[in-house]
2 protein chains.
Amino acid sequence: MTALFLVDDHELFLAGVLSEMGPEFEIAGSASEVDEAIDAIRASEPDVVLIDVHMPGGGGVRVVADVLSTHPDIRFLALSVSDAPEDVIAMIRAGARGYVTKSIAPAELSASVRRIAEGDAVFSPRLAGFVLDAFGRQIPTPIDPELDLLTPREQEVLRHIARGFAYKQVARKLNISIKTVETHVSSVLRKLQLSSRHELAVWASDRDIV
Amino acid sequence: MTALFLVDDHELFLAGVLSEMGPEFEIAGSASEVDEAIDAIRASEPDVVLIDVHMPGGGGVRVVADVLSTHPDIRFLALSVSDAPEDVIAMIRAGARGYVTKSIAPAELSASVRRIAEGDAVFSPRLAGFVLDAFGRQIPTPIDPELDLLTPREQEVLRHIARGFAYKQVARKLNISIKTVETHVSSVLRKLQLSSRHELAVWASDRDIV
DNA sequence: CCGTCTATCGGGTACATCCCTGAGTTGACC
DNA sequence: GGTCAACTCAGGGATGTACCCGATAGACGG
């Protein structure tokens with residue numbers, strides 16, 4: 001049976017969720033304060049933690065990040081009144097595997113917890129679109145036609161320049177002379193119609209060349 | 001009742017899914033080939049399309065991207081034997097709202113379709129972790145505590161440097177002397193523990209400072 | 001009133017970078 | 001065997017950067 005831990009600073013809400021989820025899951029414990037929650041979750045090692053986002057003392061984000069650093073197998077489902085993009089992103093970055101709003105029906109909530117326990121990602125309808133849109137925008141096409149203009153060696157030099165290395169460092173890493181690095185960079189600048197290594201660095205980071 | 005459209009180049013598999021999903025959903029149609037699928041989906045305008053990833057003639061990615069360009073409200077659930085990261089990313093980028101493997105149980109599949117119809121994102125357990133990991137890595141924190149170390153003027157200079165401008169150009173844009181720009185950059189480098197404007201450009205672009 | 005912070009400049013030095021010309025080596029292709 | 005592209009390296013000059021020294025002026029708070 002899935003062991004569930006609850007965290008929410010509203011005691012009344014906590015009691016409500018406890019009574020709804022009690023028959024379905026093994027309640028490993030509950031907490032209404034951040035530091036208390038971190039310690040209790042570490043001690044009870046539940047399968048899933050249902051956690052409020054907005055709480056005094058760092059909020060749910062701190063609990064998730066903190067616990068995951070020592071117990072990466074515990075899964076977190078964020079439960080919040082807010083559907084603000086910043087909150088969702090913060091929780092996902094911290095490591096939450098799902099995010100639902102408090103307006104959810106009890107039956108839907110227990111179904112969501114079960115899915116999280118199985119390893120699925122769960123998002124409320126309105127959030128799913130936002131999360132996937134952001135995800136899609138953030139993964140750019142790795143191929144660029146202009147990159148084909150460059151020879152393999154030139155691309156290799158370009159990648160090092162893009163990381164912020166000086167010519168001297170690039171030369172040492174590739175076991176070639178500084179003068180050779182200069183030659184390659186000059187070719188790259190000419191082929192890409194750029195005028196300085198600074199513009200080149202911007203050009204490269206825009207295309208995630210690392 | 002949710003209108004469902006099926007696309008799969010394996011006729012036998014298509015027939016199996018049809019018989020399983022038939023009682024639960026209104027079957028808007030089905031197709032076993034890419035171009036045929038695009039036309040038929042546009043004509044029938046279903047709520048959800050269950051689509052195979054690997055198909056001759058461009059695969060499911062082409063169908064999703066093509067149909068969404070004219071019908072952005074149709075939702076796609078990818079169904080594949082592959083759980084390769086490239087396939088998953090390609091389908092998400094194209095606009096699919098979910099991705100499950102063909103080893104899924106029929107009951108789970110119909111539940112997934114229902115969730116997709118409601119607007120949720122659905123992923124198989126093994127894929128959920130991968131998608132969220134990639135998502136977390138790709139969304140940087142927009143606010144950075146180290147930026148508060150810099151004075152407003154220093155941040156302004158930093159933004160120009162991050163765009164690849166030379167000191168001379170920055171000076172002209174801000175109507176100050178080159179020497180002043182040098183002073184500001186020096187302060188920024190010292191405060192951020194960096195050693196050259198090249199590293200600074202990388203630092204800035206990592207944080208989307210533009 | 002005085003200290004600190006911020007923003008503004010300058011001189012001067014050491015080094016990095018950009019650009020030019022020139023030149024030797026491979027390997028592929030005809 | 002000649003051509004060509006890619007890769008390698010060098011000299012040298014013009015410009016850009018990093019960092020040291022210094023200075024002035026305004027704002028703000030104790």
Side-chain angles (χ1 to χ4, degrees), chain A residues 141-210, chain B residues 141-210:
Chain A
T141 323
I143 49 161
D144 204 294
E146 295 189 271
L147 263 183
D148 291 344
L149 295 174
L150 307 181
T151 68
R153 198 55 161 173
E154 285 165 353
Q155 294 183 27
E156 201 172 354
V157 172
L158 167 58
R159 277 193 296 276
H160 285 84
I161 295 297
R163 290 189 204 171
F165 291 129
Y167 288 179
K168 193 187 293 180
Q169 300 171 284
V170 177
R172 194 153 40 221
K173 276 182 183 291
L174 298 181
N175 283 317
I176 56 179
S177 139
I178 295 178
K179 278 297 177 181
T180 307
V181 178
E182 286 186 35
T183 305
H184 289 313
V185 172
S186 285
S187 306
V188 172
L189 291 179
R190 186 169 26 80
K191 288 180 180 174
L192 298 181
Q193 309 258 307
L194 300 175
S195 61
S196 76
R197 69 157 288 167
H198 318 311
E199 288 181 21
L200 183 57
V202 174
W203 186 91
S205 72
D206 279 349
R207 288 159 185 74
D208 277 327
I209 297 172
V210 275
Chain B
T141 323
I143 47 160
D144 207 296
E146 294 187 271
L147 264 183
D148 291 342
L149 295 174
L150 307 181
T151 67
R153 197 56 159 175
E154 284 166 356
Q155 295 183 28
E156 200 172 354
V157 172
L158 167 58
R159 278 194 294 276
H160 285 82
I161 295 297
R163 288 190 205 172
F165 292 129
Y167 287 180
K168 194 187 291 181
Q169 299 171 282
V170 178
R172 193 153 39 222
K173 277 182 183 290
L174 299 180
N175 283 315
I176 55 180
S177 139
I178 295 178
K179 276 295 175 181
T180 308
V181 177
E182 284 187 40
T183 305
H184 288 316
V185 172
S186 286
S187 305
V188 171
L189 292 180
R190 185 168 30 80
K191 288 180 181 175
L192 299 182
Q193 309 257 305
L194 300 175
S195 62
S196 75
R197 69 158 286 166
H198 319 313
E199 290 181 20
L200 184 58
V202 174
W203 186 91
S205 72
D206 279 349
R207 286 160 185 73
D208 277 329
I209 297 172
V210 276

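In the text below, chain A, chain B and the rest are named by the order of the sequence lines, each starting its count at 1.
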Subject >> For atom CZ of A:Arg197 and atom P of C:dC15, their distance in whole Å >> reply: 18 Å

**OP:** Give every residue pair that meets the side-chain hydrogen bond (donor to acceptor under 3.5 Å, both in side chains) criterion with at least one member in residues 185-196 of chain A, sequence neighbours excluded.
**Re:** A:Glu154-A:Lys191, A:Ser195-A:Glu199

Subject >> Overall bend - the helix from C:dC1-D:dG30 to C:dT17-D:dA14, comparing terminal axes fitted on five pairs, nearest 10 degrees >> reply: 20°

Original post:
For B:Gln169 and D:dT15, what is the distance between atoms CD and C1' respectively, to the nearest whole Å?
Top reply: 13 Å

**OP:** May I ask you to test the B:Val188-B:Val157 pair for a side-chain heavy-atom distance under 4.5 Å?
**Re:** no

Subject >> Nearest heavy atoms of B:Ala171 and B:Ile178, plus distance in Å >> reply: CB-N, 3.8 Å

Can you name the atoms? Protein N/O to nucleotides 6-11 of chain D N/O, anything below 3.5 Å, with the distance.
from	atom 1	to	atom 2	distance (Å)
D:dC7	OP1	A:Arg153	N	3.1
D:dC7	OP2	A:Thr151	OG1	2.2
D:dT8	OP1	A:Arg153	NE	3.1
D:dT8	OP1	A:Arg153	NH2	2.9
D:dT8	OP2	A:Arg153	NE	3.1
D:dT8	OP2	A:His184	NE2	2.7
D:dC9	OP2	A:Ser177	N	2.7
D:dC9	OP2	A:Thr180	OG1	2.8
D:dC9	O5'	A:Thr180	OG1	3.4
D:dC9	N4	A:Thr183	OG1	3.3
D:dA10	OP2	A:Ser177	OG	3.4
D:dG11	N7	A:Lys179	NZ	3.4
D:dG11	O6	A:Lys179	NZ	3.1

Original post:
Less than 4.5 Å apart, any side-chain heavy atom of A:Ile161 and any of A:Val170?
Top reply: yes

Original post:
Mind checking whether A:Ile176 and A:Arg153 have side chains closer than 4.5 Å, heavy atoms only?
Top reply: yes

Original post:
Separation of B:Gln155 atom CD from C:dT6 atom C1', in whole Å?
Top reply: 13 Å

Original post:
Can a side chain N or O of B:Lys168 be found less than 4.0 Å away from OP1 or OP2 on D:dT15?
Top reply: no

Subject >> Length of the CD1-P vector between B:Ile161 and D:dG16, whole Å >> reply: 13 Å

Original post:
Would you call B:Lys179-B:Glu182 a salt bridge at under 4.0 Å N-O?
Top reply: yes

Original post:
Between C:dT6 atom P and B:Leu158 atom CG, what is the distance in whole Å?
Top reply: 16 Å

**OP:** May I have the distance from A:Gln193 (atom CD) to C:dC19 (atom P), rounded to whole angstrom?
**Re:** 12 Å

Subject >> Shortest non-hydrogen contact from A:Phe165 toward A:Lys173 >> reply: CZ-CE, 3.6 Å

Subject >> Side-chain donor or acceptor of B:Gln155 paired with backbone N/O of B:Pro152 under 3.5 Å >> reply: no

